[in-house]
Amino acid sequence: MMNWKTNLLKFERDQQWDDAIEYMQNIIAENPYDMDAAIYMNYLLMNLIVEEAFDMEKFEYYQFLTKKYFKKSYENFSDNPEYLFFTGITASMSPWFFDMESEEPEKLLQEAVELNKDNILYHWGYHPGVKTESPMGRQLAQSILNDYRAMIQLRSKGALGEYIYQMIMSCGQSNKRQLCWILDMYLNPTTITKTMSDLCYSCYRRYAHGLQDDVLSQEEERLFVKFMNCVKSFVKNEKAIGDYPKFYFPENEFKQVASQLRKVLENDLEN
């Protein structure tokens, strides 16, 4: 039988939110003490309300579910540092959807550290100063990216793990390396649920910063312009690329150009 995480990923990639919610409701009903299922459900609902487009007539229903599943999960797993860390990060997106005060997510993250002082991820989550591009933030982020156990733990948490990974990457890597990584995760998807619009935004932001602190070569800049034109050519309407219309990646020219750009960036970073 296919792992439930793989099935959920398909729903997320296709933005079939109601199907994803119903599927996870069944998983949790069958396995009420599956902590990962609880963590995934909390993030699925929070991310939907905060970040995704949905039928606003369902807003109150989604709010009800978000509070319901958080409350139940907290009753079951509030003594587990892994649960506290991942749920604290999720709650920090919009605490009131978990029926929390603004300072409560930090308390969850603090409890995670107190219960497991050796986990580098939990320290990163709790200390606000390290989630920035400060020297301290870059140093800790780089340590996490080089920590095999931390990477395994993030990969086990699906879209939430990817969300946290991106925050860590934004602190711990140069903009050129981040651009390379963004291209790689779209060319080799595992837990990625993003659309072409997200890629446009992420890559262009890293490219713009890369011109400032990494000095892209002429070949890199040429390929990036070609890549962005490729993306624009697959957008089905006449909106400006800045509007970031929702659209999924093609499998032909996009991959070819993205692969060329990533290869040039990787070669430059290795030299």
Side-chain angles (χ1 to χ4, degrees), residues 2-9 12-13 34-44 47 77 79-93 105 108-194 202 206 214 258-259 262-263 265-271:
M2 190 175 292
N3 186 284
W4 64 260
K5 293 181 181 181
T6 303
N7 288 331
L8 176 62
L9 173 60
E12 290 176 321
R13 282 180 176 166
D34 185 329
M35 188 179 69
D36 269 6
I39 290 172
Y40 270 66
M41 182 61 140
N42 285 339
Y43 180 75
L44 171 66
N47 180 68
F77 308 112
D79 60 347
N80 187 298
E82 185 173 43
Y83 168 84
L84 291 167
F85 167 72
F86 284 103
T87 305
I89 295 294
T90 300
S92 66
M93 295 171 70
L108 298 184
L109 297 169
Q110 180 181 2
E111 289 176 33
V113 172
E114 291 173 351
L115 289 169
N116 187 344
K117 293 182 172 62
D118 296 328
N119 191 303
I120 192 172
L121 269 178
Y122 302 167
H123 284 280
W124 174 86
Y126 173 53
H127 297 288
V130 303
K131 294 193 284 292
T132 67
E133 294 186 13
S134 65
M136 178 184 177
R138 282 182 178 267
Q139 183 177 4
L140 185 56
Q142 190 60 56
S143 296
I144 292 171
L145 294 170
N146 292 329
D147 189 301
Y148 176 76
R149 292 173 300 176
M151 291 297 97
I152 291 295
Q153 192 173 15
L154 287 178
R155 292 190 187 108
S156 73
K157 296 301 180 286
L160 173 56
E162 196 66 59
Y163 169 73
I164 297 170
Y165 189 15
Q166 290 189 48
M167 286 196 290
I168 295 170
M169 279 288 296
S170 70
C171 298
Q173 296 286 358
S174 68
N175 286 290
K176 184 182 288 190
R177 189 172 293 280
Q178 287 180 50
L179 177 56
C180 185
W181 174 74
I182 291 167
L183 290 168
D184 182 68
M185 72 181 186
Y186 283 97
L187 289 165
N188 301 288
T190 52
T191 62
I192 307 305
T193 61
K194 303 299 182 182
S202 297
R206 297 274 66 88
D214 293 314
S259 181
R262 182 188 62 175
K263 184 176 181 180
L265 289 167
E266 285 179 338
N267 287 340
D268 183 61
L269 287 165
E270 289 173 0
N271 296 328

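- Closest heavy-atom contact between A38 and F77: CB-CE1, 3.7 Å.
- Remark: L154 CG to L121 CG distance equals 4.5 Å, nearest 0.5 Å.
- In this structure, L109 and V113 have side chains that are not in contact, with every pair of non-hydrogen atoms separated by 4.5 Å or more.
- Atom CG of D34 and atom CE of M41 lie 12.5 Å apart (nearest 0.5 Å).
- Separation of atoms CD (E111) and OH (Y122) is listed at 13.0 Å; rounding is to 0.5 Å.
- T90 is not listed as a side-chain neighbour of Y163, based on a closest heavy-atom distance of 4.5 Å or more.
- With sequence neighbours left out, the salt bridge (charged side-chain N to carboxylate O under 4.0 Å, His left out) criterion links E82 to K157.
- Residues meeting the side-chain hydrogen bond (donor to acceptor under 3.5 Å, both in side chains) test with Y83, sequence neighbours left out: S73.
- Separating the CD1 atom in I89 from the CD1 atom in I39 is a distance of 12.0 Å, to the nearest 0.5 Å.
- Closest approach of W124 to L140, counting heavy atoms only: CA-CD2, 3.8 Å.
- Across all non-hydrogen atoms, the minimal contact from Y43 to L160 is CD1-CD1, 3.5 Å.
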(request) Mind running side chain to side chain donor-acceptor pair (under 3.5 Å) on N119 and Q153 for me, showing each step along the way? (result) CA-CA 10 Å; N119 191 303; Q153 192 173 15; 3.1 Å; yes
(request) Test side chain to side chain contact (heavy atoms under 4.5 Å, CB included) on E12 and N47 and set out the steps. (result) CA-CA 11 Å; E12 290 176 321; N47 180 68; over 6 Å; no
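- Rounded to the nearest 0.5 Å, atoms CD1 (I120) and CG (D147) are 5.5 Å apart.
- Here the CG-CZ distance, from L8 to R13, works out to 11.0 Å after rounding to the nearest 0.5 Å.
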(request) With side chain to side chain contact (heavy atoms under 4.5 Å, CB included) as the test, would you mind laying out the steps for N42 and F86 before giving the verdict? (result) CA-CA 9 Å; N42 285 339; F86 284 103; over 6 Å; no
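- Taking the side chain to side chain contact (heavy atoms under 4.5 Å, CB included) definition, one finds that L115 meets it with P81, L84, sequence neighbours left out.
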